[in-house]
A.B. asks: 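I'd like to ask you about the structure that follows.
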Number of protein chains: 2
Amino acid sequence: MADATEGETAQLPLHQRIRAEIEGKILSGEWPPGYRIPFEHELTAHYGCARMTVNKVIAALAGAGLIERRRRAGSFVAQPRLQSAVLEIPDIQQEVAGRGETYGYELIGRRRRPAGEDDPAVFTGQEVLELRCLHRANGRPLALEERLISLASVPEAAEVDFAATPPGSWLLHHVPWTEAEHRISALAASTKVAAILEVAKGAACLSLERRTWRATETVTAVRQIFRGDLYHLVARFSPQG
Amino acid sequence: MADATEGETAQLPLHQRIRAEIEGKILSGEWPPGYRIPFEHELTAHYGCARMTVNKVIAALAGAGLIERRRRAGSFVAQPRLQSAVLEIPDIQQEVAGRGETYGYELIGRRRRPAGEDDPAVFTGQEVLELRCLHRANGRPLALEERLISLASVPEAAEVDFAATPPGSWLLHHVPWTEAEHRISALAASTKVAAILEVAKGAACLSLERRTWRATETVTAVRQIFRGDLYHLVARFSPQG
DNA sequence: CGCCCGATTATGCATAGACATAATGTCGCG
DNA sequence: CGCGACATTATGTCTATGCATAATCGGGCG
């Protein structure tokens, strides 16, 4: 195979090496929160490089939230953030396929109608596309999806054949968005939901509600109800971001 | 002194203005995914600044994932990422207080024991502190917490009076961590859990399991079971980071 | 003794130039 | 006509330097 990486230091660009070393000291705890890291001119001397080089590194670390900078005082290791995690919510289709199971999709209902009183207030006055569909894994019902798409924001959606394409996948690839909000909760299956998901009435389900904006207009609102016995969300986090 | 900033536009640093303008074009859709943004030398000419200045901006945007750079070819607006959200999981105590309700805490059980077969495999051979406690909001049971703390990693925990301090708060402030994993699921209350949370057996609950590492050693593993009718998680996301 | 004012100093921002690297396109040769 | 060598070009990295800004420290004055 290719070159064995040089014993001492890699042929990494210098700024990556500097960044890695500083990150290492912080993450290992050698430089605890509140610790004043060496001044730029000290790092400059230590690495034998120009101040701009270490400056860019520290600025990047500050941008990532690992370091806080105070003029004249120095740069300090930031306090660990409040608990926050990066929650990956992949396409159901991809996720099922990724687990090696066969994905099934079924469009249950499709209506084009003006938004009514039961809909989220952001849609009032607009025309929406209402979709209900079912996701299956290995043939078993996995999740019921109820979705509203704003036709004012996404007129193209009216033409799409959602009997063949899950709306989540389509939207993900066709509509840019700038913000989203998720609401995750547990609920008991209603009679209707229980029938569709093929579980007992009252069975625990995981509900994922998502609302997606583009700039200030709501693009879509979706509620996915997963069978609690077949699904869970996983979120991973490491503080370096 | 009040130097007359020439235009009306900026007392912003130039690089922030450049960044804001580019981000704006991307987020507004004016520069769609795949669009080749102007070359550095064009931006240099447009803003009348040095190349390093626009270079730093574009490098930062690339670091944030908004832009992909290809040598010789140019810089391109990145495809929208897979769905991912920043999930804030605050201290239960803080969150209850933040909603204006009164927080209550109760230690149900505390045992110091060697890890057994029912515990996560990472603890085997270690001594652990096992805690069970109940969080209340306005007097009503909100969440049952079952926690294991590795005494090998956190020997100080043996001395703490967890009858007064919720273990989550204490750990958050005393033990740095480098990585965490969450598992979010819905489950039906068992007889025991139902009795503690004062709900019917089988009621839908939201389960949040978290395992926290420091470097490679597991610090703590916790499972919080929330009453589904009283609690949900909220996650917000905007792609610019 | 306390408070304000200036000198010091670390970071913040920007410049102009240099060389390295990698991908693209083109030209010329077989 | 196909293909490899080479020139072109945009980004990647780094340097050396300058001035701006803000916080801190120390000293002098009321």
Side-chain angles (χ1 to χ4, degrees), chain A residues 2-3 5-6 9-23 25-26 31 33-79, chain B residues 1-7 9-23 25-26 31 34-79:
Chain A
D3 52 322
T5 39
E6 281 290 65
T9 49
Q11 57 254 46
L12 252 65
L14 179 55
H15 73 95
Q16 286 188 24
R17 191 168 77 95
I18 298 176
R19 174 162 184 163
E21 287 191 21
I22 295 180
E23 277 188 348
K25 304 228 187 206
I26 294 175
W31 290 353
Y35 179 88
R36 208 215 74 224
I37 75 171
F39 294 126
E40 289 191 358
H41 68 83
E42 295 176 299
L43 292 170
T44 293
H46 181 278
Y47 289 104
C49 66
R51 187 165 77 94
M52 256 323 276
T53 305
V54 306
N55 181 349
K56 275 178 78 169
V57 170
I58 302 183
L61 288 173
L66 261 184
I67 278 180
E68 282 174 18
R69 313 198 72 181
R70 294 214 309 272
R71 276 205 152 100
R72 154 80 214 214
S75 298
F76 299 82
V77 176
Q79 297 297 326
Chain B
M1 34 233 79
D3 63 311
T5 43
E6 39 186 50
T9 19
Q11 50 227 62
L12 250 64
L14 180 56
H15 78 271
Q16 286 187 26
R17 191 168 77 95
I18 299 176
R19 173 160 185 166
E21 288 191 19
I22 295 180
E23 276 188 348
K25 304 227 188 212
I26 294 175
W31 290 354
Y35 180 87
R36 207 214 73 221
I37 74 171
F39 294 128
E40 289 190 358
H41 68 84
E42 294 175 300
L43 293 170
T44 293
H46 181 278
Y47 289 103
C49 65
R51 186 168 78 96
M52 261 311 282
T53 305
V54 306
N55 181 355
K56 276 176 79 169
V57 170
I58 301 183
L61 288 172
L66 262 182
I67 279 179
E68 282 174 16
R69 314 200 72 181
R70 294 213 312 272
R71 274 204 155 99
R72 156 78 218 221
S75 298
F76 299 82
V77 177
Q79 296 297 323

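Residue numbers start from 1 in every chain, and the chains themselves are labelled A, B, ... in the order their sequence lines are given, proteins ahead of strands. As the structure is a prediction and not an experimental result, all values here were calculated from the model.
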A.B. asks: Can you check the R36(B) CZ to dA23(C) P distance for me, whole Å?
C.D. replies: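 Going from R36(B) (CZ) to dA23(C) (P), I get 17 Å.
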A.B. asks: Can R36(A) and R70(A) be said to form a side-chain contact (heavy atoms from CB on, under 4.5 Å), step by step?
C.D. replies: CA-CA 10 Å; R36(A) 208 215 74 224; R70(A) 294 214 309 272; over 6 Å; no
A.B. asks: Any idea which heavy atoms bring C49(B) and L14(B) closest together, and the distance?
C.D. replies: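 Taking every non-hydrogen atom into account, CB-CD2, 3.6 Å.
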A.B. asks: Rounded to whole angstrom units, what separation is found between the CD atom of E40(B) and the C1' atom of dT21(C)?
C.D. replies: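 It works out to 14 Å between those atoms.
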A.B. asks: Using atom CZ of F39(B) as one end and atom C1' of dG12(D) as the other, report the distance to the nearest whole Å.
C.D. replies: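 It is 16 Å, rounded to the nearest whole Å.
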A.B. asks: Do E21(A) and K25(A) sit within salt-bridge range, that is, some charged N less than 4.0 Å from a carboxylate O?
C.D. replies: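 K25(A) and E21(A): not salt-bridged.
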A.B. asks: NE2 of H46(B) to CD1 of I18(B): how many Å apart, nearest 0.5 Å?
C.D. replies: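 One gets 9.5 Å once the value is rounded to the nearest 0.5 Å.
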A.B. asks: Pairs under 3.5 angstrom, nitrogen or oxygen only, protein versus nucleotides 23-26 of chain D, please.
C.D. replies:
{"from": "dT24(D)", "atom 1": "O2", "to": "R72(A)", "atom 2": "NH1", "distance (Å)": "3.4"}

A.B. asks: What distance separates I37(A) CD1 from I22(A) CD1, expressed to the nearest 0.5 Å?
C.D. replies: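 If I round to the nearest 0.5 Å, the distance is 5.0 Å.
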A.B. asks: Using Watson-Crick and G-U wobble pairs whose two distances are both under 3.5 Å, how do you write the pairing of DNA chain C as dot-bracket, with | for links to another strand?
C.D. replies: ||||||||||||||||||||||||||||||
A.B. asks: Any residue in residues 43-56 of chain A with a heavy atom nearer than 4.0 angstrom to DNA chain C? Just list them by number, or reply none.
C.D. replies: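 Residues of residues 43-56 of chain A under 4.0 Å from DNA chain C: R51(A), M52(A), N55(A).
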A.B. asks: Would you compute the distance between atom CG of L61(B) and atom CD of E23(B) and round it to the nearest 0.5 angstrom?
C.D. replies: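 One finds 5.5 Å between CG of L61(B) and CD of E23(B).
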A.B. asks: Please check: side-chain N/O of Q16(B) versus main-chain N/O of P13(B), any donor-acceptor pairing under 3.5 Å?
C.D. replies: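 Answer holds: no.
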A.B. asks: Could you state the NE2-P distance from H15(A) to dA20(C), rounded to the nearest angstrom?
C.D. replies: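 Nearest whole value for this atom pair: 17 Å.
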A.B. asks: Could you walk me through whether L43(B) and V57(B) pass the side-chain contact (heavy atoms from CB on, under 4.5 Å) check?
C.D. replies: CA-CA 11 Å; L43(B) 293 170; V57(B) 170; over 6 Å; no
A.B. asks: Rounded to whole angstrom units, what separation is found between the CD1 atom of I18(B) and the P atom of dC13(C)?
C.D. replies: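 Rounded to the whole Å, the gap is 12 Å.
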A.B. asks: About how many Å separate NE2 of H15(B) and CG of N55(B), when rounded to the nearest 0.5 Å?
C.D. replies: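 Result: 13.0 Å between the selected atoms.
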A.B. asks: Separation of R17(B) atom CZ from dA14(C) atom P, in whole Å?
C.D. replies: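 To the nearest whole Å, that distance equals 10 Å.
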A.B. asks: In whole Å, I'd like the distance from the NE2 atom of H41(B) to the P atom of dG12(D).
C.D. replies: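 Value for this atom pair: 14 Å.
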A.B. asks: Expressed in angstrom and rounded to an integer, what is the separation of E68(B) atom CD from dT11(D) atom C1'?
C.D. replies: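 About 15 Å, once rounded to whole Å.
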A.B. asks: Check G74(B) against F39(B) and note the closest heavy-atom contact, atom names and distance.
C.D. replies: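 Closest approach of G74(B) to F39(B): CA-CE2, 3.9 Å.
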A.B. asks: Base, sugar-phosphate, or nothing for I58(A), non-hydrogen atoms under 4.0 angstrom?
C.D. replies: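 Result for I58(A) = nothing.
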A.B. asks: Between atom CD1 of I58(A) and atom OG of S75(A), what is the distance when rounded to the nearest 0.5 Å?
C.D. replies: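 These two atoms lie 5.0 Å from each other.
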A.B. asks: Of the nucleotides dG12(C), dC14(D), dT11(D), which one has an atom closest to the side chain of R69(A)?
C.D. replies: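 The nucleotide sitting nearest to the side chain is dG12(C).
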